[in-house]
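Step one of this worksheet: look at the structure below.
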Amino acid sequence: MNASFPQIQTVATKPFADQRPGTSGLRKKTTVFQQPHYLANFVQSIFSSLEGFEGKKLVLGGDGRFFNREAIQIVLKMAAANGFGEIIVGRGGILSTPAASAVIRAEKAFGGIVLSASHNPGGPDGDFGIKYNISNGGPAPEKITEAIFAHSETIESYKIIEATNVDLDTPGETQLGAAKVRVVDPVAIYLELMESLFDFEAIAAMFRDGFTLKFDAMSAVTGPYAKAIFEERLGAGPGSVINAEPLEDFGGHHPDPNLVHAKHLLDLAMSAQSPDLCAASDGDGDRNLIIGRSQFVTPSDSLAILAANAHLVKGYRAGLAGVARSMPTSRAADLVAKKLGIGMYETPTGWKFFGNLLDAGRVTICGEESAGASSNHVREKDGVWAVLMWLNILAVRKQSVADIVRLHWAEYGRNYYSRHDYEEVASEGANALVASLRKKLPCLAGTSFGGLKIEAADDFAYNDPIDGSVSKQQGIRILFTDGSRIVYRLSGTGTSGATLRVYIERYEPDPAKHDLETQGALADLVACAEKLAEIRHHTGRTEPSVIT
Ligand code: VG1
Ligand code: CO
């Protein structure tokens, strides 16, 4: 065998059950991914579903979780064997999801592969995941994920190069078969992009004037990005970024920046020692948590506030083309779009549905209630970007987060909002609950529950205005005559059993009623959600496992 030109092997394999990508790629227990051929089958299914990538660039990186390094080597050798010309990989196998998106776009790559199970825990007993992104830098649309799944069901072999492992820790180029492998700094391109969007000088001046930040990278992928940007470039004091070292098991924590798994930040923000801004991101760096002194900002409110203030930020001074949100996200952003006279789009859950709207220039900013927000600078949600948006707006407005939120509610009204998750329930029960709700849908309009009257009820279907594709059964919506909503859907990112998500929203225009405790303000709707769906009966649960 010629050492400088290693051999391409064709390895015989058999399909694994259920390699169907979910809301955001294929996500399974790490032990499932560690089975011989499991990852390789899926990677081959990706490549076999694509056309015309010969000689082109592929971007590759992951969130650094357990099994990341092994997986990177497998993907590298398969990408080379399948005919990619160049594979650009983040040093150490690291790239946050938004950074991968930025690199795909900057390098005009054919696509990219991101290894991550996002906010799911990592480690040998945790989860692992993989997703394919297309040349716009965004998650593959359903047409491609369906083709990948179809291929995985009939796969008979995959191609891989026999070679020693590539050194991932030294930037530079090596040859792998006919392909070039380029190890790059995972932060550089992303940092440059952030610099083009934000007024770093104004933010740095705010820090010099004593502004304080606590950003928790949750021992996940954003540590290197946050250190380089917040501490080194913007001058936030040392220690502003905590848990900055990406660890294979995220330090044993759950890298989900919500009020449950980042409760210490909420406690800090509510204490006398509160910094001006507390923030966090998730395993792969695409989610954000924003808490001002004594003021948590719900992701739905954050989207609305970012949209209303975007014109204050350098990269968005020309205004927004439009705003998009996932269907379950509160309608706070709709009120802003209406006032600005710009388009508002409602899409199914998952970032892949924003890609066409962004590519077509219909929208500039997008968001989801699940702590995701971003703009047309990439085609993924972006945690560090959201924090920079807030920092830039705070630097311009010179008000506190709490003041900005309160003034927003006073101007637009407040959308009380909460999500109740019932995690790891039996799939049969969850499916039965949804089936029985679907059956009831046609006769719900006009009926009343307590003081609540249902105006309309449906199973959300999305007609993509750009490519005409239709996505059905994307969540059950119950709309009340006072504008309140209940939405039910099953999660597409879990790895054991089913997770039922119930989203509850009430609009309150009266500023005198903007100080209620959220769960209290929604109590009658929560009771109605139980009655309508018979959650207890179908799942055996009397209470949600997580309330956000
Ligand atoms: C969840 C969220 C969804 C998000 C997805 C991926 O999906 O609800 O809004 O896009 O996770 O986020 P689901 O199907 O479990 O509800 V990430 O940060 O895990 O890539
Ligand atoms: Co994520």
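Below, each value reflects all heavy atoms present in this structure, side chains not excepted, and no hydrogens, waters or symmetry copies. Read the numbers this way: they start at 1 and go in the same order the structure lists the ligands and their atoms. Predicted model only: the values in this text are computed from it and were never measured.
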Any donor-acceptor pair under 3.5 Å linking the side-chain atoms of H377 with those of D382?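 The answer is yes; a qualifying pair exists.
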Does K440 NZ have over 12 foreign heavy atoms under 6.0 Å away?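 Enclosed: over 12 neighbouring heavy atoms sit under 6.0 Å from NZ of K440.
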If you draw a sphere of radius 2.8 Å around the Co ion (ligand 2), how many protein N/O/S atoms end up strictly inside it?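 For the Co ion (ligand 2), protein nitrogen, oxygen or sulfur atoms under 2.8 Å: 4.
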Test log, rule side chain to side chain contact (heavy atoms under 4.5 Å, CB included), inputs I113 and L115: CA-CA 7 Å; I113 286 182; L115 301 167; 4.2 Å; yes
Parallel, tilted or perpendicular, as decided by the 30° and 60° cut-offs, for the rings of Y462 and F460: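 F460 vs Y462 ring planes: tilted.
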Interatomic spacing from CD1 in I478 to OH in Y503 - rounded to 0.5 Å: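 Taking CD1 in I478 and OH in Y503, the distance rounds to 14.0 Å.
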Donor-acceptor pair, distance only, cut-off 3.5 Å: does the side chain of T495 make one with the backbone of K28?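 Between the backbone of K28 and the side chain of T495 there is no qualifying donor-acceptor contact (under 3.5 Å).
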Using only atom types and a distance under 3.5 Å, with no angle test, would you say the side chain of E231 pairs donor to acceptor with the backbone of S240?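 Yes.
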Aromatic contact between Y225 and Y190, with the criterion being ring centroids under 6.0 Å apart: yes or no?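 Aromatic pair counts; centres sit under 6.0 Å.
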Residues in contact with ligand 1, criterion: heavy atom under 4.0 Å: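 Contacting ligand 1 under 4.0 Å are T23, S24, R27, S118, H119, D282, D286, R287, T349, G350, E368, E369, S370, K381, R419, R489, S491, G492, T493, R501.
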Could you tell me if R20 sits above the aromatic ring of F149, with its cationic atom closer than 6.0 Å to the ring centre and no more than 45 degrees from the axis?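 Satisfied, under 6.0 Å and within 45°.
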